[in-house]
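Structure first, then comments.
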Protein chains: 2
Amino acid sequence: MSDNSLKYKIIFNDLRAKIITGYYKINQQLPLEKELGDRYCASRITVKKAMDLLVNDGLIIKRRGVGSFVKGAATLAVSAPMGSKPFGFTASHPDETVSSKLIEFSVVHPQPDTIKNLYLEETDFVYHFSRVRYLDKQPCCIEYTEIPINIIPGIRIDNLMDSVYRHIEVETHFRIQSQHQTVRACRANSLEAENLHIAMIDPIMEIEQVTYLDNGMPFEYSIIHYRHDRYEFHNVNIAS
Amino acid sequence: MSDNSLKYKIIFNDLRAKIITGYYKINQQLPLEKELGDRYCASRITVKKAMDLLVNDGLIIKRRGVGSFVKGAATLAVSAPMGSKPFGFTASHPDETVSSKLIEFSVVHPQPDTIKNLYLEETDFVYHFSRVRYLDKQPCCIEYTEIPINIIPGIRIDNLMDSVYRHIEVETHFRIQSQHQTVRACRANSLEAENLHIAMIDPIMEIEQVTYLDNGMPFEYSIIHYRHDRYEFHNVNIAS
DNA sequence: CAGTGGTCTAGACCACTCT
DNA sequence: GAGTGGTCTAGACCACTGG
């Protein structure tokens, strides 16, 4: 999966590292596509593909007739090395200690929002669970999740104390391919106030998300409520 | 600008419209890249480029050895037609009546966050203004903005009642090229509570953003506070 | 005018899925 | 084995920038 020996990924990762570490400085011009092609023994098209990915991540801009330049916000931009895009709470925090407290775990019929987003029937069954998630012992968010038992069978309590996504990728031959998210602000309820150690008037960042397997099937509907001081969402928009 | 006679944009827009209108239904297989190439008189590479853009927008998935399929969340996905990516409040709400109330407008030295994000000196001058923004007369958000006078000269009060971005694209030869955003939840202050017609305990969606011209220069630092019930943020993540 | 990146093609080969 | 999409190339032409 995600083979990093591909030329365009090698070039992307190499240029990305040189930008982030400051080898290429802000506003500095990058080598020309043709020259990078020679350097990496790649065609101009392959170099262009790698550099277009850097544009999408907000690290560089390209100006026709002029050249390519490191963007001002390069070090702040949302950019991960190719082949290591993280999905899920555990994978998103590799440098911190992730722990969980299980609030609820049952098998029930799906909620209306789950039915709608995962294309289920009222009579289907789903794993229904909620967890408080901690980073280095500090409460960070509460997740409310439903996963159909037909798609991902065999979830047990010990999976919930660890990473559910890891269980899925290990126990099935599927990979997690994509995630659609909606971000909102809302207020905490009493359960959240107690478990996240906040006041009920404190704001909450709500993420509503549907996660997809690599066969195109949506397998998870989840609402995540973050402490507002433990989460922010980064985004880059590029004109078409 | 953004020439829509390009083949890959035509193909992207056409397929996108057919997915959104339901001509291609959820989970339905799209025609093969080769067949679409014949149909649009384009090479397979050009068709692939258009379809990869659909993947990025969350409208389809591609499975090697199998084909391409309309994604479940296709109609909910974040996708705009090529050549019409909107930047700014006015352009993002073409179907509603946008109006503004000016709270403050002055020329001052930049705030520390502006200095840091736009690479200014303490001794530079910026336009400093804040506006309440209304959709169909309903208060929606407050924007707090600073723009260096050296980069975009000639902003006047009547520009602030309209779209500042439109003023920039009309009065300068620059285009707005990209925007880096950070999204958070926070609480309203008394000014916001009064102007947005909400309570001080109500949550707020905060967008902190830096906007770039097509020469790579950041020209605007802005904080936008939205009513939590008038804004949500959509996002699609694709594994690399 | 020379030189940049943008688009597009034809063709090749590979990795993968399904039967 | 047949057929899909993924990667990569060499080469062409175009649009744009700057001197």
Side-chain angles (χ1 to χ4, degrees), chain A residues 1-13 15 28-56 60-71 82-83 172-175 177 213-217 238-240, chain B residues 1-13 15 28-56 60-71 82-83 172-175 177 213-217 238-240:
Chain A
M1 51 223 125
S2 65
D3 187 344
N4 284 25
S5 68
L6 297 175
K7 270 191 188 175
Y8 77 92
K9 293 191 179 184
I10 293 171
I11 299 171
F12 171 90
N13 284 332
L15 293 175
Q28 182 178 344
Q29 181 167 12
L30 296 179
L32 306 181
E33 291 185 350
K34 191 155 69 93
E35 184 185 336
L36 287 171
D38 295 341
R39 198 177 298 182
Y40 290 104
C41 296
S43 73
R44 202 195 116 205
I45 300 294
T46 301
V47 172
K48 173 173 159 47
K49 177 165 183 172
M51 296 183 80
D52 284 345
L53 292 169
L54 294 171
V55 171
N56 270 313
I60 68 172
I61 67 152
K62 304 171 85 172
R63 298 173 60 195
R64 193 195 308 214
V66 185
S68 302
F69 301 83
V70 178
K71 210 166 173 177
M82 291 304 289
T172 76
H173 59 291
F174 295 123
R175 295 288 163 265
Q177 197 267 342
L213 299 174
D214 59 1
N215 65 352
M217 186 173 296
I238 308 289
S240 56
Chain B
M1 49 226 122
S2 62
D3 187 344
N4 284 26
S5 67
L6 297 177
K7 270 190 189 175
Y8 77 92
K9 292 190 178 184
I10 293 171
I11 300 171
F12 171 89
N13 284 332
L15 293 176
Q28 182 178 342
Q29 180 166 12
L30 296 178
L32 305 182
E33 291 184 350
K34 191 155 70 96
E35 185 185 337
L36 288 170
D38 295 342
R39 198 178 297 182
Y40 290 103
C41 295
S43 72
R44 202 195 117 203
I45 300 294
T46 301
V47 172
K48 172 172 159 50
K49 176 164 183 171
M51 296 183 81
D52 284 345
L53 292 169
L54 294 171
V55 171
N56 270 312
I60 68 173
I61 67 150
K62 303 171 87 172
R63 299 173 59 195
R64 192 196 310 214
V66 185
S68 301
F69 302 83
V70 178
K71 209 165 172 177
M82 291 304 290
T172 76
H173 58 291
F174 294 123
R175 295 288 163 264
Q177 196 268 341
L213 300 172
D214 59 1
N215 65 354
M217 187 173 296
I238 308 289
S240 56

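Reckoned from all heavy atoms, side chains included, excluding hydrogens, waters and symmetry mates. Here is the naming used below: chain letters follow the sequence lines, and residue numbers restart at 1 for every chain.
- Between A:Val66 and A:Ala42, it is A:Ala42 whose nearest contact on DNA chain D lies nearer the 5' terminus.
- Partners of A:Ile10 under the side chain to side chain contact (heavy atoms under 4.5 Å, CB included) rule, at least two apart in sequence or in another chain, do not exist in this structure.
- Heavy atoms of B:Lys48 sit under 4.0 angstrom from at least one base atom.
- Here the P atom of nucleotide C:dC16 and the NZ atom of B:Lys62 are 16 Å apart, to the nearest Å.
- Checking C:dG5, D:dT7, D:dG5 against every side-chain atom of B:Ser68, the shortest atom distance belongs to D:dG5.
- Look at B:Lys9 and you won't find any side-chain N or O under 4.0 angstrom from OP1 or OP2 of C:dT7.
- The phosphate of C:dT7 (OP1 or OP2) has no side-chain N or O of B:Thr46 nearer than 4.0 angstrom.
- Residue B:Lys34 contributes atom NZ, which lies 16 Å from atom P of D:dG6 at whole-angstrom precision.
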Filtered N/O pairs between nucleotides 12-15 of chain C and protein, under 3.5 Å:
{"residue": "C:dA15", "atom": "O4'", "partner": "B:Arg64", "partner atom": "NH1", "Å": "2.8"}

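- For B:Arg39, the salt bridge (Lys or Arg N to Asp or Glu O under 4.0 Å) criterion is met by B:Glu35, not counting sequence neighbours.
- As rounded to whole Å, 12 Å separates atom P of C:dC16 from atom CG of A:Asp214.
- One interatomic measurement links the two molecules: CD1 of A:Ile10 to P of D:dT7, which rounds to 13 Å at whole-angstrom precision.
- As a whole-Å value, the separation of A:Asp52 CG from D:dT7 P is 14 Å.
- Axis orientation changes by 10° from one end of the helix from C:dC1-D:dG18 to C:dC18-D:dG1 to the other, with each end axis drawn from 5 pairs and the value rounded to 10°.
- Using a cut-off of 4.0 Å between Lys/Arg side-chain N and Asp/Glu carboxylate O, B:Lys48 and B:Asp52 are scored as salt-bridged.
- Within 4.0 Å of B:Lys49, counting heavy atoms only, lie sugar-phosphate atoms of the nucleic acid but no base atom.
- For B:Arg44, the side chain to side chain contact (heavy atoms under 4.5 Å, CB included) partners at least two apart in sequence or on another chain are B:Glu33.
- Remark: A:Leu30 pairs with A:Tyr24, A:Met51, A:Ile60, A:Ser68, A:Val70 by the side chain to side chain contact (heavy atoms under 4.5 Å, CB included) rule, at least two apart or across chains.
- Remark: C1' of C:dT17 and CD1 of B:Ile61 are 13 Å apart, rounded to the nearest angstrom.
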